[in-house]
Each structure stands twice: as structure tokens, then as C-alpha cells.
There are 2 protein chains.
Amino acid sequence: MDLRHLRYFIAVAEEQNIGRAAARLHISQPPLTRQIQQLEEELGARLFLRTPRGVELTEAGELFLEEARNIRALVEQATERTQRAGQGRLGRLDVAIFGSAILDRIPKLLLAFRSRYPDVNVVLHTMTKVEQIEALRQRRISVGFNRMVAPGEDIAVDQVSTEDLLLAVPADHPLARHERIRFPDLKHHPMVLFPTGTRPSFIDKVVGLCNASGFQPQVSQEVGDAVTGVALVAGGFGVCLVPESATTLQLPGVIYRRLTDTPPGCFVDLCCIYRKGDKSPIVAAFRETVQACRSMHAAQAEASRQIGN
Amino acid sequence: MDLRHLRYFIAVAEEQNIGRAAARLHISQPPLTRQIQQLEEELGARLFLRTPRGVELTEAGELFLEEARNIRALVEQATERTQRAGQGRLGRLDVAIFGSAILDRIPKLLLAFRSRYPDVNVVLHTMTKVEQIEALRQRRISVGFNRMVAPGEDIAVDQVSTEDLLLAVPADHPLARHERIRFPDLKHHPMVLFPTGTRPSFIDKVVGLCNASGFQPQVSQEVGDAVTGVALVAGGFGVCLVPESATTLQLPGVIYRRLTDTPPGCFVDLCCIYRKGDKSPIVAAFRETVQACRSMHAAQAEASRQIGN
DNA sequence: GATGATAATACCTTCAGGGTATGGAGAGGC
DNA sequence: GCCTCTCCATACCCTGAAGGTATTATCATC
């Protein structure tokens with residue numbers, strides 16, 4: 001049996017007349033007769049009663065008509081769904097984020113992706129950088145977000161954004177009164193650092209910047225993530241260098257100040273990592289969306305700078 | 001697309017290797033490669049990633065594999081079900097019976113049919129003879145059971161059984177004391193007749209027999225069916241000629257007596273009626289079962305008569 | 001019995017599916 | 001680093017099945 005047989009059968013059943021069905025199928029009558037005969041022979045059941053006016057379905061034929069329509073619908077659905085899956089418009093995408101990624105552009109990005117690809121089921125997993133890389137290799141995830149990732153042998157990196165580092169200071173802190181805060185000014189003030197855990201990470205970046213400015217930071221506390229860090233700033237534990245995006249987090253008693261005279265490298269990247277050579281169209285679609293968001297954001301930043309000037 | 005494509009695709013997906021799949025399908029490798037390429041092109045989606053060791057499914061391929069298996073299962077099911085339907089082993093059979101047919105061999109017959117053809121859904125309808133014929137013509141039913149049906153232009157008749165007529169008498173009735181009851185003895189006793197309604201029917205048979213024996217029956221009451229008739233006998237309304245099968249109905253105060261010296265024609269037929277030229281395999285199967293039951297019953301009757309002698 | 005409509009049959013043609021031979025690319029061993 | 005082995009892909013040929021035309025058979029209707 002063949003899908004053609006089903007198509008022909010359905011046409012004949014609907015027309016109740018082989019000649020008319022043949023016309024509808026754009027073939028001549030004899031081949032259609034033969035196809036129907038073949039189908040009947042293969043099924044071992046008479047599907048039509050031949051009448052002087054045409055044909056009519058037997059009971060077996062009625063049953064087979066239902067089944068044939070089901071099958072055809074399923075084939076169409078399979079075709080359509082597979083096409084969409086092939087274009088990355090249908091399926092599942094496992095994405096890893098890190099703890100305080102919620103403060104970042106990631107939510108907007110995920111929303112943008114969902115609206116472009118509503119039938120891709122995005123599943124979020126919270127993982128540290130090391131876990132993300134491991135999970136990528138084991139194919140438990142296809143995309144990860146993190147900071148400061150170097151491309152590896154089998155891991156590729158797309159940069160999502162670059163953020164300046166701002167200083168979160170308690171409102172009543174001496175530095176809060178300064179007109180301008182320069183990086184070396186941080187020398188004499190206790191700092192909250194984050195994240196604890198896997199190295200190298202953002203914490204190393206901050207320590208490295210301090211060292212480059214000629215001092216060792218006074219660490220008041222190390223915490224797991226930016227949210228806790230800013231909370232400790234509010235509690236008077238000291239100042240804290242945070243990515244600009246953390247300013248989303250407005251806590252009473254905390255103000256964010258941009259530094260002047262920042263040393264080179266006083267910014268932090270957000271990266272999107274994935275398997276090198278991953279040919280998944282969903283991953284490709286996701287990366288496209290990421291880049292689109294990045295361009296859009298860059299354009300907006302440029303525009304606002306223009307206006308600012 | 002073609003069912004062959006699905007079969008080939010599933011084989012390749014399962015073997016993860018085109019060459020091995022080709023061997024399994026008993027074709028050579030190049031045509032299989034080409035079929036897979038065609039399928040991919042038609043779907044507009046890559047289904048396999050070519051690896052040095054063979055092939056592996058893409059996400060779209062995984063999805064399509066599920067769908068393909070569904071489709072194949074549905075096709076197999078459709079084939080199998082249609083075959084059974086063509087053999088009369090699957091489907092629906094609308095059967096009409098008359099009011100007191102429950103006393104007859106019909107229940108056993110229906111049970112026999114159900115056990116032979118468990119997937120044929122037998123739907124029972126209670127109808128009078130005229131209604132049955134009308135319903136047959138309108139194709140609302142395919143088989144009817146009734147008594148005394150003459151074959152018509154478009155209605156064919158199979159005889160199911162022949163039953164002697166017995167006399168239901170009240171236990172305290174004068175005739176109950178007779179050693180032998182002959183037909184003319186009924187002359188002086190009021191009789192219950194059934195059924196009322198559509199003529200000609202069983203009632204005419206009884207009246208005709210009385211006339212043939214030279215008397216007009218004294219009708220005490222006409223009722224709709226045998227059950228009511230026997231109930232009236234129990235209530236002392238008189239005697240009642242009933243088909244032998246009615247003896248299934250044992251009411252207190254009623255005894256059944258076989259007549260001696262019965263006139264010719266003192267029996268009644270049970271018939272099975274259906275449309276002439278009905279080619280439904282289910283009807284054919286049903287008629288076969290009816291005839292098988294009839295033969296079996298006749299053989300049993302013969303055997304018991306031998307033993308009786 | 002003639003006519004018209006419809007399915008079935010006979011026979012021819014074409015093209016898709018299958019075959020063999022071969023090329024090309026990547027992995028793994030020496 | 002080269003060779004070899006193992007895949008898949010390509011090239012080209014051949015056969016059979018699907019489709020076409022012409023015709024016949026059948027049945028209902030006038």
C-alpha cells in the first residue's frame with residue numbers, strides 16, 4: 001500500500017464515481033480503477049460495490065475511509081511539524097543561566113525568543129559555569145549564559161553584552177558624598193565580593209582590577225551572587241562593584257555610582273556558550289535572536305549617548 | 001512522500017547507518033541514500049546528521065521518527081481492521097426481533113454469533129413484522145427475526161426453526177385432566193389469541209387451524225404477545241396455543257400439553273429476513289451462524305428422538 | 001432493442017526506484 | 001604523515017509499475 005492509494009481511495013469514496021474521481025485527480029479512469037482494485041486485493045476486502053451509476057462504499061470501505069483520512073491528516077501534520085522543527089520553529093531548548101542572571105538582559109532576551117518562536121519550549125536550568133560546560137558536553141543543555149568564558153576546544157562563545165562596572169555604595173557612605181569616584185579611591189573601603197564558588201569568575205576580575213590599580217581590596221564579605229551582595233551593601237557591609245545591569249535592583253539605602261578614571265578592563269562581559277559545531281536549527285535561531293538583541297541594544301545605547309551629548 | 005519513505009527512514013533511524021539499513025531492507029545502499037535525500041528535500045528539513053560512523057537523527061528527525069512510527073502503526077491497524085471488516089469479523093449489525101422473541105432460540109443464536117464474531121457490535125431493535133420490512137428497505141437494520149414471513153421482491157427469508165404448537169392450559173382446567181388432547185377438543189373452550197396488531201400473523205395460523213378442524217375458536221381475549229397470553233392462561237382466561245419455545249416460560253398454574261392428532265400445519269416457523277442481494281459479509285456471517293445453529297439443533301432433536309425411542 | 005453511462009480490460013509508454021561502479025571524506029592505526 | 005578502512009554521495013543503467021489511449025462489457029432507462 002501507498003499513500004497514493006489512500007489519496008485515490010478517498011477521492012473515489014467522495015465522488016462515488018471512478019470516472020469523476022479520476023478527473024479530479026487529473027488522471028484517466030482506467031489506472032484509477034486498477035489502483036482501487038490493487039488496494040482491494042491487498043486489503044483482502046471489497047471496498048466498493050459497483051453500481052450502474054458509479055460505486056458505493058461497503059462497510060469495510062466506510063471503515064477504511066475513516067482510517068485513510070486519519071492517516072492522511074497524520075501525514076500532513078508530520079510534514080508540517082517536521083518542517084517547523086527543521087527551521088528551529090518547533091522543539092525544545094535547554095538553556096542554563098547563572099544565579100543572578102535574572103538581573104540581566106537575559107529575561108528580555110528569552111521573551112524575545114519566545115515571541116519569535118512560540119512553539120519552542122525553552123527550559124531554564126540554573127547552573128554554575130563549570131556545570132554548564134559539563135552539561136553542554138553531555139548534551140543536557142544546548143545553550144548556557146555566563147560571564148567571562150573563554151572559548152574551549154568544543155565550546156564556542158558568543159558575546160551577548162558588555163557592561164561597565166558600577167559601584168554600589170550605602171547612601172550614608174563617605175564615598176557617596178564624593179562628586180567623582182576614582183578606582184583607587186576604593187583602596188580604603190571594605191568591599192563585598194561575589195560570587196563565591198567556581199573560579200575564575202567575576203570576583204577575580206574585581207581583584208585583578210584592584211591589583212592593577214596598586215592595591216589589594218579589603219574584603220568585608222564574599223557572597224554567592226549580586227543580589228546578596230547589594231543587600232549587604234544596604235546593610236552597611238561596604239561597597240561593591242557590580243555590573244551595570246544590577247542597578248535594576250533598587251534597594252533602600254543603596255545608590256549606584258559610575259566610576260571615573262576607570263582602569264582598562266573595567267567592564268564585564270555576558271556570554272552565551274554552546275557546543276562548537278552544533279547544527280541544531282533551534283540553537284541557530286536562538287543565537288540569531290541573541291545577536292539581534294545585542295545589535296538592537298547597542299543601537300539604543302548609541303542613540304541615548306547621542307541624545308545625552 | 002510515500003509509505004516506503006517512512007519505512008526506509010525508520011530503518012535508517014534505527015540502524016543509525018545507511019548501509020546496514022539498506023541490508024536490512026534488502027536493497028543496496030545508494031537508492032536508500034537517495035530516498036532519504038528525497039525525503040529530506042520534500043520535508044525541507046535535515047533529518048540526519050552524517051557522521052563518519054554513520055548517521056544520527058537531528059531534532060527534526062527525532063520528531064519525524066515518532067510521527068512516522070505513528071503513521072505506520074495506523075496504517076497497519078487500518079489494514080488489519082479493514083480486512084476483518086471485509087470478512088464480516090468487525091463492524092456493526094442491526095438486528096430486529098419481535099416482542100416475545102426472548103422466549104425463542106434467538107438469544108442462544110445471538111450468543112453464538114457474538115462468541116464467533118466478538119468484534120461485531122450487534123444492536124437489537126424490537127419491531128413488528130411490517131416495521132422490520134420497512135426498516136430493512138431503509139437500511140436501518142440488516143436482519144430481522146419474525147414468524148410466517150413470505151419472501152418478497154426485495155426481501156429474502158431463511159428459515160431458522162420449526163416449532164410444534166403446544167397448548168397452555170390452566171392446571172385446574174378440564175382439559176388438564178385429559179390423557180390425550182386432540183385438536184377438535186379445543187372447540188368448546190375459550191382461547192387466548194396473540195398477537196394483536198399486524199396481520200397476517202400467528203393469530204391467523206391458529207384461527208386457520210381451527211377452521212380446518214371444523215370450528216370457529218371461542219376467543220376469550222386477544223393479547224399482544226406470548227408472555228401476556230400465558231399470563232392470562234394462568235389467570236384462568238382459557239387455553240392458548242403457543243410455540244413450543246414458550247414453555248421456557250413457567251408460570252404457576254400453567255401446564256403445557258402436547259396435542260395428539262394434530263392437523264397438518266400445526267407448527268410455526270421462525271424466520272430470519274434480510275435484503276435480497278445484501279452483500280455485507282457481516283450479514284453473510286450471521287446467516288451462516290443461523291444455519292449452523294439450525295443444523296446443530298436439528299441434529300440434537302434427532303438424537304434425542306433416537307434416545308426417546 | 002437502442003442508447004447512454006460507467007467500470008473493466010488490453011496494450012503501450014514513460015519515469016521513478018533499484019542495481020552496479022565509483023568517488024570523496026573523515027577516523028584511526030602504523 | 002601516510003595508508004587504510006568505513007562510511008555516505010554521485011553517476012549511470014535497467015526494469016517494472018503507474019499512467020495513457022482504445023476498446024469492451026454491463027446495466028439501467030427510454
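Keep in mind that this is a model prediction, so the values were computed, not measured. Chain letters run A, B, ... following the sequence lines, proteins first and then strands; every chain starts at 1.
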key: Contact summary for A/I141 and A/M127, nearest pair of heavy atoms   = CG2-CE, 3.7 Å
query = Across the strands shown, which category fits A/H26 at heavy-atom distances under 4.0 angstrom: base, sugar-phosphate, nothing?
reply = sugar-phosphate
query = Could you go step by step and tell me if B/F64 and B/F9 meet the ring-ring contact (aromatic ring centres under 6.0 Å, His included) rule?
reply = CA-CA 9 Å; B/F64 191 67; B/F9 168 75; 5.0 Å; yes
query = Would one find a side-chain N or O of B/Q38 under 4.0 angstrom from OP1 or OP2 of C/dG17?
reply = yes
key: Residue pair B/R81 / B/L90: nearest heavy atoms and the distance that separates them   = O-CD2, 3.4 Å
query = Looking only at heavy atoms, which two atoms of A/R140 and A/D94 are closest? And how far apart?
reply = O-CB, 3.4 Å
task = Report yes if a side-chain nitrogen or oxygen of B/T33 is closer than 4.0 Å to either non-bridging phosphate oxygen (OP1 or OP2) of D/dA9; otherwise report no.
result = yes
task = Would you indicate which nucleotide in C/dG17, C/dG26, D/dG19 comes nearest to any side-chain atom of A/R34?
result = D/dG19
query = Where do A/I155 and A/K276 come nearest, in terms of heavy atoms and distance?
reply = O-CE, 4.1 Å
request  = Give a yes/no verdict on a cation-pi contact between A/K129 and A/F145, requiring under 6.0 Å between NZ or CZ and the six-membered ring centre and an angle within 45° of the axis.
outcome  = no
request  = Would you mind telling me which residue lines up with the more 5' stretch of DNA chain D, A/R53 or A/S28, judged by nearest nucleotide?
outcome  = A/S28
task = Could you work out which one of C/dG17, D/dG19, D/dC27 sits closest to the side chain of A/P31?
result = D/dG19
Candidates D/dC8, C/dG19, C/dA8 - which lies nearest the side chain of A/Q29 = C/dA8
message = Short of 4.0 Å, heavy atom to strand atom, which residues of residues 7-24 of chain A count as contacting DNA chain D?
response = A/Y8
key: Side chain of B/P30 (C-beta onward), nearest among D/dA18, C/dG17, C/dA21   = C/dA21
message = Looking at C/dG17, I'd like to know if its phosphate oxygens (OP1 or OP2) sit under 4.0 Å from a side-chain N or O belonging to B/R4.
response = yes
